Amino acid sequence: MTAEIARAVAMLKQGALVAFPTETVYGLGADATNPKAIKRLYEVKGRPADHPVIVHFADAQAAFAWAREVPDAARALAARFWPGPLTLILKRSALAKDFVTGGQDTVGLRVPSHPVAQELLRQFGGGIAAPSANRFGLVSPTTAAHVREDLGGEVDLVLEGGPSEVGIESTIVDLSGGAAVLLRPGGISRMQLEKILPVREKDASAPRHSGGLERHYAPRTPTRMVPSHDLDKQISILKERIAVLAFSRPDERVDYWLRMPRDPAAYAQKLYAALRELDAAGCEEILVEAPPEEPAWAAVQDRLRRACSMARP
Ligand code: TXA
Ligand code: MG
């Protein structure tokens, strides 16, 4: 792996796109100071140019050099959760150019914990811009094979790192406006954050971010959430071929059934691979048994709601 990482570093320095594992999802990486590389990154992702990307670093010191103000709240969250599945939005320093911030005056900073990501960032020495390595609006990849399926020949190198442990994207906290605002629930729960500081839910004034679009993280097959008590009834009335993601045991009337764990972290870890598998099953609809309406399920609920939204990206 070390030789492979050295190769990845050399390629990144030349402006190549390198997909790499993180503990949340796989990222599509490019040198965050190279405008040509970032331009290609956006093209391959199919992402609008005014959407900012997260910049990844080996440690907090390297990350904070990209911020012109580092509030105590940022230091406290970094000390507790980095390396790990947390992204901080801070006012940018001169290092963060318009082509990574989408022209905004803030920058998204993250220090991932995955050992391959850590080694890559350490050897690279600078910031690696990386959105999730899927096409815009579709389900994020949690294995190297997912990346190859989605982006195939358009990525110059895909580093292997096994299935991502967290399975859904990082929690994004905006600290650029004083109070901490939760922009995207994710790998770190709101309860965990609130042990360090009070966190507000985002409102209409929050900066735009693509994870906030109504339909995002979505399979191609129409997908619908169904309350547990209604699942059996829905299965009995539907005539078409359906696929089901549920907590309970498979029902023989259903063509494709995936059973999910009752623990939210274990569920999150499996979620995107499960949605991909159900999407590939060639059914006309995917039914998802709704998880409990509890704070511990907030990040999973968020991704499922978006997967089930019919509005186009
Ligand atoms: O777990 C993750 O965060 C993964 C891995 C690869 O690190 N990355 C990821 O990146 O999910 P992406 O680009 O798919 O989602 C990043 C989100 C987007 O919704 C983007 O708009 C938002 O972060 N974002 C980035 N910079 C921002 C900024 N300056 N202000 C507000 N939102 C920002
Ligand atoms: Mg994404």
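Remember, it's a predicted structure, so these values are computed and weren't measured experimentally. Order of listing sets the numbers, starting from 1, for every ligand and every atom in it.
Backbone and side-chain nitrogen or oxygen atoms of Ser132 are examined, and one is located within less than 3.5 angstrom of a nitrogen or oxygen of ligand 1. Checked against a 3.5 angstrom limit, the closest N/O atoms of Tyr26 and ligand 1 fall outside it. Looking at His51 next to ligand 1, no N or O pair under 3.5 Å apart turns up. Taking any N or O of Thr106, backbone or side chain, at least one lies under 3.5 Å from an N or O belonging to ligand 1.
Remark: ligand 1 atoms within the under-4.0 Å shell around heavy atoms of His56 are 5 (C), 6 (C), 7 (O). The atoms of ligand 1 that sit less than 4.0 Å from any heavy atom of Ser170 are 1 (O), 2 (C), 3 (O). Residue Thr24 approaches ligand 1 through these ligand atoms, each under 4.0 Å from one of its heavy atoms: 1 (O), 2 (C), 4 (C), 5 (C). With ligand atoms numbered from 1 in the order given, ligand 1 contributes 29 (N) to contacts under 4.0 Å with heavy atoms of Val107. Numbered from 1 in the order shown, with element, the atoms of ligand 1 that lie under 4.0 Å from a heavy atom of Gly27 read 6 (C).
Here atom 24 (N) of ligand 1 lies nearest to Pro52 when heavy atoms of Pro52, Gly108, Pro21, Ala130 are compared. One option in Asp50, Ile54, Ile89 has a heavy atom closer to atom 16 (C) of ligand 1 than any other, and that option is Ile54. Nearest to atom 15 (O) of ligand 1 by heavy-atom distance, out of Glu23, Arg92, Arg184, is Arg184.
In this structure, Arg110 has a heavy atom closer than 4.0 Å to ligand 1.
A salt bridge is defined here as a Lys NZ or Arg NE, NH1 or NH2 lying under 4.0 Å from an Asp or Glu carboxylate O, and Glu154 with Arg135 meets this definition. In this structure, Glu160 pairs ionically with Arg148, as a charged nitrogen and a carboxylate oxygen lie closer than 4.0 Å. A salt bridge does not link Asp156 with Arg7: every distance from a Lys NZ or Arg NE/NH1/NH2 to an Asp or Glu carboxylate oxygen is 4.0 Å or more.
Other residues sharing the hydrophobic cluster of Ile235, ordered by chain and number and joined by side-chain separations under 4.5 Å: Val226, Leu231, Leu238, Ile242, Val244, Val254, Trp257, Leu287.
Side-chain contact, Arg92 with Thr106: no donor N or O sits under 3.5 Å from an acceptor N or O. A donor-acceptor pair shorter than 3.5 Å can be found between the side chains of Thr24 and Arg110. In this structure, a donor-acceptor pair under 3.5 Å is present between the side chains of Ser170 and Arg184.
In Ile172, the part holding a heavy atom less than 4.0 Å from any atom of ligand 1 is the side chain.
Two rings, from Phe136 and His51, have their centers less than 6.0 Å apart.
Applying the side-chain contact (heavy atoms from CB on, under 4.5 Å) test to Ala179 and every residue at least two apart in sequence or in another chain returns Arg200.
Aromatic ring orientation, Phe247 versus Tyr267: tilted (interplanar angle from 30° to 60°).
Among the atoms of Ser132, an N, O or S atom falls under 2.8 Å of the Mg ion (ligand 2).
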